Amino acid sequence: QLVRSFTAIANRGVMVEPYLVEKIEYPDGSLDYGNNSESPIRREISKQVIKESVARQVTAHMVGLIENTQPGVGANKARVNGYTIACKTGTAEKITNENGRVYTYQDNRKRGLYIHTMICFNTNSTNPMVFLVKIDEPKPGQVDNFSGDTIGPAISELMKSTLEYLNVPRNL
């Protein structure tokens, strides 16, 4: 759901259904791209859900999260040289139930228990790809830990490898 919602921002206001299978090639040579209602990989029809101008404005703010952060700090660690990347980080304090005791957000913050997420997409392509990484309790016991620090380097490498593999052109 999170990835799907971000497709609207990445695609200038048009929400698309994420998919893992591009097509099915049957033994008779026919191809199924998920365009008909009988397809096992049926895709929802893309639709405009927010104004293009709003999507562009949100994208600009997300790019700023990467570009305007001090190098090597937080979300800047998700930077991919040669590509413009838009990101949003998330650091959530957990509620846990251990041995019959419910630990609140504040309890777990003191214990260093968080859920980290980072969602990013490339902006210099007509077909942007959305990447999401989530880590549950990335550094238990460490009170000050944030998703940009824990996920940024991994998502940067994942995006770099994928964009290069798919021959997505770099910024000029």
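For the single chain, residues carry numbers from 1 onward in sequence order. Keep in mind it's a predicted model, so treat the numbers as computed, not measured.
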What is the minimum heavy-atom distance between [X] and [Y], and which atoms define it?
X      : Y     : answer
Pro128 : Ala10 : CG-O, 3.3 Å
Ser39  : Asn36 : N-OD1, 2.9 Å
Ile155 : Ala78 : CG2-CB, 3.6 Å

Look only at the side chain of [X] and the backbone of [Y], and say whether a donor-acceptor pair between them is shorter than 3.5 Å.
X      : Y      : result
Thr123 : Thr84  : yes
Ser156 : Gly152 : no
Asp32  : Lys23  : no
Tyr83  : Met159 : no
Arg170 : Asn81  : yes
Gln48  : Arg12  : yes

Side chains of [X] and [Y] in contact at under 4.5 Å (non-hydrogen atoms):
X      : Y     : result
Ser53  : Gln57 : no
Lys51  : Arg56 : no
Leu132 : Phe6  : no

Taking atom types as modelled, find out whether Ser5 and Gln1 have a side-chain donor-acceptor pair closer than 3.5 angstrom. no
Residues, nucleotides or ligands: over 12 heavy atoms within 6.0 Å of Glu164 CD: yes
Heavy atoms of other groups near Tyr165 OH, more than 12 under 6.0 Å: no
Give the intermediate values and the outcome of side chain to side chain contact (heavy atoms under 4.5 Å, CB included) for residues Phe121 and Ile9. CA-CA 9 Å; Phe121 58 90; Ile9 300 166; 3.8 Å; yes
In this structure, which one of Leu2, Asn122, Ile119, Asn11 forms a side-chain contact (heavy atoms from CB on, under 4.5 Å) with Val130?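 In the set Leu2, Asn122, Ile119, Asn11, the residue that makes a side-chain contact (heavy atoms from CB on, under 4.5 Å) with Val130 is Ile119.
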One pair to check against side chain to side chain contact (heavy atoms under 4.5 Å, CB included): Tyr33 and Leu31. What are the steps and the verdict? CA-CA 6 Å; Tyr33 288 95; Leu31 298 175; 3.5 Å; yes
To the nearest 0.5 angstrom, please state how far the NE2 atom of His116 sits from the CG atom of Asp149.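 If we round to the nearest 0.5 Å, His116:NE2 and Asp149:CG are 8.5 Å apart.
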